[in-house]
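Here is the structure we will look at.
Side chains are part of it too, since the values below use all heavy atoms of this structure and drop only hydrogens, waters and symmetry mates. Lettering of chains follows the sequences in order, A, B, ..., and the numbering in each one begins at 1.
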Protein chains: 2
Amino acid sequence: MTSTVSTAGTAGPAGTAGPAGATSSKSEQAYAAVKASILSGEYSPGYRLVLAKIAEELGFSVVPVREAIRRLEAENLVVFERNVGATVAGIDPTEYLYTMQTLGIVEGAATALSAPLISAADIARARAVNELMRECLANFDPVRFTSLNRDFHSVLFEHCPNPHILDLVHRGWNRLQALRSSTFSYVPGRARQSVEEHESLLRLLEAGAPADDVERAARAHRAATLDAYLAHRAPSP
Amino acid sequence: MTSTVSTAGTAGPAGTAGPAGATSSKSEQAYAAVKASILSGEYSPGYRLVLAKIAEELGFSVVPVREAIRRLEAENLVVFERNVGATVAGIDPTEYLYTMQTLGIVEGAATALSAPLISAADIARARAVNELMRECLANFDPVRFTSLNRDFHSVLFEHCPNPHILDLVHRGWNRLQALRSSTFSYVPGRARQSVEEHESLLRLLEAGAPADDVERAARAHRAATLDAYLAHRAPSP
DNA sequence: GAGTATGAAATCGTATACGATACAAAACTG
DNA sequence: CAGTTTTGTATCGTATACGATTTCATACTC
């Protein structure tokens, strides 16, 4: 591998095209950079993404940056307005509802499809994460709690054999992460209940429950979070 | 009326869809034009999309065309290869499986969410379409059958109040349409069975069945099509 | 003659340039 | 002084240009 290309090598060009090996294009890099900034929170919701500015920061021209941003738009991480500009997708209760509902559906399916492929080691791993979440409850650490929450669920759906579904799940999680929905949807009593539901889910998986049951449970888990948020916020018109 | 294209499915950026006649940007136009060509079958799977050529045809420069194509790539309607070019997404049994499975999930959910909003008139409309499909069976008209099939299901999920889910459903259908999966998945006995399942679905809706039942039925309907295809093709390794 | 270097053509990726649009502030008018 | 017009600036949208990469055909070596 290390051997540089140099002259045409006899080495079979067969399918190398290593996804990682090939230096990524600038639009790829820009995409990765901006996405990372959004997910990390450096660019918070509402942040104005000025093409020229980002291009300058990265040392690229605006063209690849524009492409990157439109790609992020397709993932609903930024909002683009014609002749005005792009901003990091912001919080909106309705959108939150849509996103949570959609994620509940695709994540439920992904988890159900993963279920038969989850090993005892996976479950142990997830349980360990869940215990750390329990600690966060005591320490009042919602940021870490949210991060661990994603880790927990990742273990449950990561074996999903259908990449399309998996992609949708990741998009949903990314969107929530970009919205920084942690502080937003961190309803007092809910977090504790969530941890308990996680444990139930794990027991269901350990018992080799039918896919249908797993799906229902996973979906209900998310619906409960959504409902808690809605109830928490409903009183005020 | 002939056009089944349904402009939905990933509407313009920022959900504009501005009917106010705001002239769309060239990249919008290019997007719409190329998308239409793919869905209509003018550009079949495997067709090579050369930027300069399309740009010339439309009278634009390559930049907006490139943007349009990358957007279509995000919808899985075209495949882009670095430094090589774009081609219309082709048929691949595995991809077909992934797509059908995913569509089954999101369409099932969309239909279930629509159910309470479907009127008697909607059902009558759907039933009329289904009768036309029955005629196609006699006339051996798989192309029209497939087109009507989309119309039928559109009636059932179009009231879905969650636009994210609706968008995913449209994407799935578009992808199948681009793949021209009709000829591909038109398994002899299956079409007739499909029409009967449609009738069952309508009766379920008329009876005001619980959302869960509707969802299960809609999903099973699609799974049955997929299974028929798999069984039809399975014998040969 | 099989397989490998070499070169030319096609196409993409990105930079730069400029016109178009939108928003805001200043100037004007009654 | 309120409302309207004008002007200015920031930013986007698209065209054009050129270097980079791939691909294919050709010539070459053993």
Side-chain angles (χ1 to χ4, degrees), chain A residues 3-34 43 46-74 77-90, chain B residues 12-16 18 20-34 43 46-74 77-89:
Chain A
S3 72
T4 43
V5 178
S6 113
T7 48
T10 18
T16 352
T23 51
S24 53
S25 67
K26 294 192 175 180
S27 77
E28 282 286 334
Q29 294 175 248
Y31 167 77
V34 176
Y43 295 161
Y47 185 91
R48 185 82 185 283
L49 297 168
V50 179
L51 295 183
K53 197 172 147 219
I54 296 177
E56 166 134 19
E57 283 173 17
L58 295 172
F60 302 160
S61 89
V62 298
V63 179
V65 174
R66 179 185 169 90
E67 188 165 306
I69 289 189
R70 299 230 54 155
R71 203 162 136 201
L72 291 167
E73 184 200 13
L77 290 180
V78 312
V79 176
F80 212 94
E81 209 174 344
R82 173 104 182 271
N83 282 320
V84 173
T87 55
V88 176
Chain B
T16 36
T23 51
S24 51
S25 66
K26 294 192 176 181
S27 79
E28 283 285 335
Q29 293 174 248
Y31 167 77
V34 176
Y43 294 162
Y47 185 91
R48 184 83 185 282
L49 298 168
V50 179
L51 294 184
K53 198 172 147 219
I54 296 176
E56 167 134 18
E57 283 173 17
L58 295 173
F60 302 160
S61 89
V62 299
V63 179
V65 174
R66 180 187 170 89
E67 188 165 307
I69 289 190
R70 299 233 53 156
R71 201 160 137 201
L72 290 167
E73 184 200 15
L77 290 180
V78 314
V79 176
F80 212 95
E81 207 174 346
R82 172 103 183 271
N83 282 321
V84 174
T87 56
V88 176

| query | What does A:Leu49 touch in the nucleic acid at a heavy-atom separation under 4.0 angstrom: a base, only the sugar-phosphate, or nothing? | reply | sugar-phosphate

What one should report as the nearest heavy-atom pair of A:Tyr31 and A:Leu72 is CE1-CD2, 3.5 Å

| request: Kindly indicate whether the side chain of A:Val88, heavy atoms from C-beta on, has any atom under 4.5 Å from the side chain of A:Leu49. | output: yes

### Task
For residues B:Thr87 and B:Tyr47, determine if any side-chain heavy atom of one lies less than 4.5 Å from a side-chain heavy atom of the other.
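B:Thr87 does not reach B:Tyr47 side chain to side chain.
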
**Boundaries of the chain B footprint along DNA chain D (any atom under 4.0 Å from a heavy atom)** =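 So the contact region on DNA chain D extends D:dT14 to D:dT23.
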
In whole angstroms, how far is the C1' atom of C:dC12 from the CZ atom of B:Arg70?
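After rounding, the gap between these two atoms is 11 Å.
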
Between CD1 of B:Ile69 and P of C:dC12 the distance, given in whole Å, is 8 Å

To the nearest 0.5 Å, atom CD1 of B:Ile54 lies from atom CD1 of B:Ile69 at 4.0 Å

*Check the pair A:Glu28 / A:Arg71 against salt bridge (charged side-chain N to carboxylate O under 4.0 Å, His left out), numbers first and verdict last.*
CA-CA 10 Å; A:Glu28 282 286 334; A:Arg71 203 162 136 201; 3.4 Å; yes

Extract from the structure each pairing of a protein N or O with an N or O of nucleotides 22-25 of chain C at less than 3.5 Å, listing the distance.
none

Pairs of donor and acceptor atoms involving the side chains of residues 56-67 of chain B, under 3.5 Å and at least two apart or interchain, shall be tabulated with distances.
from    : atom 1 : to      : atom 2 : distance (Å)
B:Ser61 : OG     : B:Val63 : N      : 3.3
B:Arg66 : NE     : A:Glu67 : OE1    : 2.8
B:Arg66 : NH2    : A:Glu67 : OE1    : 3.3
B:Arg66 : NH2    : A:Glu67 : OE2    : 3.4
B:Glu67 : OE1    : A:Arg66 : NE     : 2.8
B:Glu67 : OE1    : A:Arg66 : NH2    : 3.2
B:Glu67 : OE2    : A:Arg66 : NH2    : 3.3
B:Glu67 : OE2    : A:Arg70 : NE     : 3.3
B:Glu67 : OE2    : A:Arg70 : NH1    : 2.6
B:Glu67 : OE2    : B:Ser27 : OG     : 3.4

If you assign each of B:Leu51 and B:Val63 to its closest nucleotide in DNA chain C, which residue comes earlier from the 5' end?
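Whichever sits nearer the 5' end wins; that is B:Leu51.
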
